Participant: 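Sharing a structure below in structure tokens format, with a few things to ask.
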Amino acid sequence: MSDPFDREVTIHRQRFANADNGFAVLDAESEGGPVVLVGPLSHLESGERVHITGVWVTDRRYGEQVKVTRADPLPPDDRPALISYLRRIRNIGEARAQRLIERYGAEHVLEEIDSEPAAAFRRVGLNPFRAQEAAASWNELRTTRRLHMLLAPHGLAYLARRISDQYPSTAHRVITENPYELTRVFGVGFRVADRIARAGSTSVESIPGRVSAALVYALSEAEGRSGSTCLPVGQLLAAARDLLGELPDEAQIETLVEDGLLVRDGDYIYRLPTWELERELAERVLAMLGEGGGGPLADGAEPPAAGSGELELTAEQQAAVRAALRFRLSVITGGPGTGKTATIRAIAAHAHARRAGVLLVAPTGRAARRMTESSGVEARTIHSALGWIPGEAPERDEDAPLACDLLIVDESSMANLELMVTLLRAVAEQTHVVLVGDCDQLAPVGAGKPFADLVGSDVVPTTRLSHIFRQAAGSMIVQGAHAIRRGETPEFRPEEGMRQDLFLMERARARDALELIVELVGERLPNHYGIDPVSDIQVFAPVYRGELGIDALNSALREALNPHGIPVGGGRLRIGDKLIMTGRNLHEKGLMNGTVLYLEDELGAPGGDEAALLLRSDEQLFRMAPEEAESLHLGYACSVHRGQGIELPVAVIVAHEQAGAFFLRREMLYTAVTRAKLATVIVGSRAVVARAARTPDTDRRHSRLGELLSVRR
């Protein structure tokens, strides 16, 4: 346990600050001497007195620091601090600050200025115009300070400046009278906003906007957590009840619909932006299906028949090639070993033979590299091809479309609603689009499941590859994956001629299972297959908490695989750690949510321009600023959602009664099993595997794209 820190300090200077997330490194002075503070402190300025609560941590390079959990600004307690505070007011220098103190006294000067700011400043020599400027500056300073006091107990003090910018003259009133505004404008969770409201009111039920905020927030949570684009009315009301403590009236939904914040489509409720995206995707798909192809792909030539040299294709694959050349939009879906990659190569070859420009893209960098290696055609990430950093406008859109005659999108099942719409906006009028993927895999991170909806709509020309090629058919992983797709328990005993690459190792006790996983990853699997235990093996688990949760697995695996790594970043990470990006994307670096990284070193000094972590991803090196490192977590074990784009030699899957067995569903098990090329080892019990295989997850993600396509066809 780290020693607690609970003292008053005076801020000396900012070494580093990031206004977007509030992270800062500050030098301060306490009764015990100098101290370095790290945490959400960007709102604090030189000369401020603050009550700091946190814990001591020891950094290998920078020594002892305090990791701050709470920072409460205090009023200046002596003349120098008071002068420093007053000098932050526009048009007030040291001399006028001295005059204000002499006129009103150190104990009462702040109260006197508060009562009549402009008059107080005129009394120390400012003309009326400059006194009004000073009064406006004073009001902003005091409002920001009051916001700090309100937000600091909840770890949100860094939002004070943003809230002040959004509501220049009413910021304090917004937070005190309607803190639920935070959930809409600043992405604060409803429960946090509710705590702020309860801190300032004895009756939160009477605060305007509380029920509306809960309804809108419940929809946002459904998009982010379960991936639903909408919710049935009954489910939305039930989700809001969990937030409010009581069931809201359905009339509240109608009010939000009338105000334009929500959209009602039959019995389903959407947030307006999500409804617009889903409708736009349906309209774009139908428009592409109603248009004839053009350019070099429209000459009507048939692809070669089966048995023609390098492009020997099954009847299913030939149908996929014909559809790609004939229709502006077509879909190819199939499980492992069914020839999706060979089909991509064939389509690209026929397009090149017609002198058509071909662009291959995939949702993640790892998938794009795998596509390049397997197809022989250079592939890019979707974001790179579009020149798109989310939050900014993409470089490619309707007015500047992608320069290609054929666009092939691999791993399309990983594309959520927003990504699919943004991509199709950038498709030129005559360009053909082929979406390739596995509709039985886990649905994408984010709202919507457009690939699965397109496959299930019976509206888009779709080729289902079902023939398992001979080499793949000898793999128990491939056969087991197809069994799971059918809702059946995979077979773990090899038949004659089968390659034994799928294993089940049963352990009844969670502790025994944990010890087995550490032994497998640390020794047995690397020794047997001649692979690296850190980079070539990935452990997947359904939940984060518990004795077999992702957090416990990561802790145990790090102690086995990187016990002597030098601590960095306050001791949370170690040099040599395997890490994974969570919760955000750094598109300018090509680092996406779910990217696996390896911590190579720590560079520079905190607060300096060169301060950074040195990270490696697939032999590429990246520098990452300290404030961005909050999105890095241990990656020896991860969720299947996080590892959806991972493909590596060996996968170890936790399927145990004491490891969130309820959350392990068919799509999750199927996706995890197919992540490995050499071997998949399941640790747990046959009963959990069987239950997961027969329990689909599709009923928990609401989307109406398929219905929109059928109705508008």
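Keep in mind the model is a prediction, meaning the values are calculated, not measured.
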Participant: Rounded to the nearest 0.5 Å, how far apart are CG of Leu615 and CZ of Phe622?
Facilitator: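 Answer for the CG-CZ pair, Leu615 versus Phe622, is 8.5 Å.
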Participant: Determine whether Lys578 and Pro533 make a side-chain contact, defined as any pair of heavy atoms from C-beta on separated by less than 4.5 Å.
Facilitator: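 No; the side chains remain at least 4.5 Å from each other.
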Participant: Are any side-chain N or O atoms of Asp405 and backbone N or O atoms of Gly357, one a donor and one an acceptor, separated by less than 3.5 Å?
Facilitator: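 Yes, because the side chain of Asp405 sits within donor-acceptor range (under 3.5 Å) of the backbone of Gly357.
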Participant: Check side chain to side chain contact (heavy atoms under 4.5 Å, CB included) between Ala415 and all other residues, then give those that pass, not counting sequence neighbours.
Facilitator: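 Once residues adjacent in sequence are excluded, the partners of Ala415 under the side chain to side chain contact (heavy atoms under 4.5 Å, CB included) criterion are Leu419, Met420.
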Participant: How many angstroms lie between OG1 in Thr431 and CG in Leu406, if you round to the nearest 0.5 Å?
Facilitator: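 Interatomic distance, Thr431 OG1 to Leu406 CG, rounded to 0.5 Å: 8.5 Å.
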Participant: Thr674 vs Gln441, test: side chain to side chain contact (heavy atoms under 4.5 Å, CB included). Steps then yes/no.
Facilitator: CA-CA 9 Å; Thr674 56; Gln441 279 197 7; 4.2 Å; yes
Participant: What's the shortest heavy-atom distance between Cys638 and Ile580, and which atoms?
Facilitator: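 Looks like CB-CD1, 4.0 Å.
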Participant: Apply side chain to side chain contact (heavy atoms under 4.5 Å, CB included) to Phe540 and Thr671, showing your working.
Facilitator: CA-CA 10 Å; Phe540 296 104; Thr671 302; over 6 Å; no
Participant: Could you list the residues that satisfy side-chain hydrogen bond (donor to acceptor under 3.5 Å, both in side chains) with Arg13, not counting sequence neighbours?
Facilitator: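 Arg13 satisfies side-chain hydrogen bond (donor to acceptor under 3.5 Å, both in side chains) with Asp27 only.
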Participant: Going by the rule salt bridge (Lys or Arg N to Asp or Glu O under 4.0 Å), which residues pair with Glu515 if we only count those two or more places apart in sequence or in a different chain?
Facilitator: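 For Glu515 there are no salt bridge (Lys or Arg N to Asp or Glu O under 4.0 Å) partners, ignoring immediate neighbours.
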Participant: Would you list the pairs meeting salt bridge (charged side-chain N to carboxylate O under 4.0 Å, His left out) in which at least one residue belongs to residues 537-556, sequence neighbours left out?
Facilitator: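 Salt bridge (charged side-chain N to carboxylate O under 4.0 Å, His left out) check on residues 537-556 returns Arg511-Glu547.
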Participant: Working to the nearest 0.5 Å, report the span between OG1 of Thr333 and NZ of Lys340.
Facilitator: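 Spacing of OG1 (Thr333) from NZ (Lys340) equals 7.0 Å.
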Participant: With a 4.5 Å cut-off on side-chain heavy atoms, are Leu26 and Val68 touching?
Facilitator: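 The answer is no; the side chains never approach within 4.5 Å.
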Participant: Working note: Val652 + Leu525, criterion side chain to side chain contact (heavy atoms under 4.5 Å, CB included); need CA distance, chi angles, decisive distance, verdict.
Facilitator: CA-CA 10 Å; Val652 176; Leu525 291 169; 3.8 Å; yes
Participant: Looking at residues at least two apart in the chain, or sitting in another chain, which of them share a salt bridge (Lys or Arg N to Asp or Glu O under 4.0 Å) with Asp501?
Facilitator: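 Here the qualifying residues are Arg499.
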Participant: If we ignore hydrogens and angles and just use 3.5 Å, is the side chain of Glu64 paired with the main-chain N or O of Val35 as donor and acceptor?
Facilitator: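 No; judged by distance alone, with no hydrogens or angles, the pair does not exist.
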Participant: Please step through side chain to side chain contact (heavy atoms under 4.5 Å, CB included) for the pair Ile531 and Leu648, ending with a clear verdict.
Facilitator: CA-CA 11 Å; Ile531 56 176; Leu648 72 177; over 6 Å; no
Participant: Mind checking ring pair (Phe, Tyr, Trp, His ring centres under 6.0 Å) for Tyr670 and listing every partner two or more places apart, or none if nothing turns up?
Facilitator: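 Partners of Tyr670 under the ring pair (Phe, Tyr, Trp, His ring centres under 6.0 Å) test: none.
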Participant: Identify, with sequence neighbours excluded, every residue that meets side chain to side chain contact (heavy atoms under 4.5 Å, CB included) alongside Val543.
Facilitator: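 Residues passing side chain to side chain contact (heavy atoms under 4.5 Å, CB included) with Val543: Phe663.
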Participant: Does some side-chain heavy atom of Tyr598 sit less than 4.5 Å from a side-chain heavy atom of Ser535?
Facilitator: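 Yes - at least one pair of side-chain heavy atoms lies under 4.5 Å apart.
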Participant: Do Asp536 and Val650 come within less than 4.5 Å of each other through their side chains, counting heavy atoms only?
Facilitator: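 No - every pair of side-chain heavy atoms lies 4.5 Å or more apart.
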Participant: According to the salt bridge (charged side-chain N to carboxylate O under 4.0 Å, His left out) rule, which pairs have a member within residues 432-448, sequence neighbours left out?
Facilitator: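 Non-adjacent pairs meeting salt bridge (charged side-chain N to carboxylate O under 4.0 Å, His left out): Asp440-Arg485.
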Participant: Please answer whether the main-chain N or O of Gly437 pairs with a side-chain N or O of Ser412 as donor and acceptor at a distance below 3.5 Å.
Facilitator: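 A pair under 3.5 Å: no.
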Participant: Are Asn554 and Tyr544 close enough that some pair of their side-chain heavy atoms sits under 4.5 Å apart?
Facilitator: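 No; the side chains remain at least 4.5 Å from each other.
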Participant: Looking only at heavy atoms, which two atoms of Leu423 and Leu407 are closest? And how far apart?
Facilitator: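 Scanning both residues completely, I find the closest heavy atoms to be CD1-CD2, 3.9 Å.
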Participant: Output the distance between atom CG (Leu44) and atom CD (Gln14), rounded to the nearest 0.5 Å.
Facilitator: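 Here the rounded value is 8.0 Å.
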Participant: Working to the nearest 0.5 Å, report the span between CG of Leu613 and CD of Glu600.
Facilitator: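 Output value for this atom pair is 11.5 Å.
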Participant: Taking the six-membered ring for Trp, are Trp388 and His383 parallel (under 30°), tilted (30 to 60°) or perpendicular (over 60°)?
Facilitator: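 Parallel.
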Participant: Quick one: side chains of residues 393-400, donor-acceptor pairs under 3.5 Å with protein atoms, not counting sequence neighbours, listed by atom name and distance.
Facilitator:
unit_1, atom_1, unit_2, atom_2, d
Arg396, NH1, Pro401, O, 3.2
Asp397, OD1, Asp399, N, 3.0
Asp397, OD1, Ala400, N, 3.1
Glu398, OE2, Arg284, NH2, 2.6

Participant: Return yes if some donor-acceptor pair links the side-chain N/O of Arg574 with the main-chain N/O of His564 below 3.5 Å, else return no.
Facilitator: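 Absent.
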Participant: Between Glu411 and Thr364, do the side chains contain a donor N or O and an acceptor N or O under 3.5 Å apart?
Facilitator: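 Their side chains do not contain a donor-acceptor pair, so the 3.5 Å distance test is not met.
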Participant: Output the distance between atom CG (Leu557) and atom CG (Leu634), rounded to the nearest 0.5 Å.
Facilitator: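 Going from CG on Leu557 over to CG on Leu634, the span is 9.5 Å.
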Participant: Does the side chain of Ile344 come within less than 4.5 Å of Ile347's, by heavy atoms?
Facilitator: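 No, too far: nothing below the 4.5 Å cut-off.
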Participant: Only one of Ile517, Val683, Leu514, Ile550 passes side chain to side chain contact (heavy atoms under 4.5 Å, CB included) with Val654; say which it is.
Facilitator: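 For Val654, the side chain to side chain contact (heavy atoms under 4.5 Å, CB included) test succeeds with only one of Ile517, Val683, Leu514, Ile550, which is Ile517.
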Participant: Compare all side-chain heavy atoms of Ile11 with those of Leu41 and state whether any distance is below 4.5 angstrom.
Facilitator: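 No, too far: nothing below the 4.5 Å cut-off.
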Participant: Just jot down the salt bridge (Lys or Arg N to Asp or Glu O under 4.0 Å) partners of Glu378, sequence neighbours excluded, or say none.
Facilitator: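 None.
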Participant: With sequence neighbours left out, write down each residue that passes salt bridge (Lys or Arg N to Asp or Glu O under 4.0 Å) with Glu523, or none if nothing qualifies.
Facilitator: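 For Glu523 there are no salt bridge (Lys or Arg N to Asp or Glu O under 4.0 Å) partners, ignoring immediate neighbours.
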Participant: Partners of Ala379 by side chain to side chain contact (heavy atoms under 4.5 Å, CB included), sequence neighbours excluded?
Facilitator: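 Once residues adjacent in sequence are excluded, the partners of Ala379 under the side chain to side chain contact (heavy atoms under 4.5 Å, CB included) criterion are Leu360, Ala368, Met371, Thr372.
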Participant: Does any non-hydrogen side-chain atom of Val409 lie less than 4.5 Å from one of Met414?
Facilitator: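 Not touching, per the 4.5 Å side-chain cut-off.
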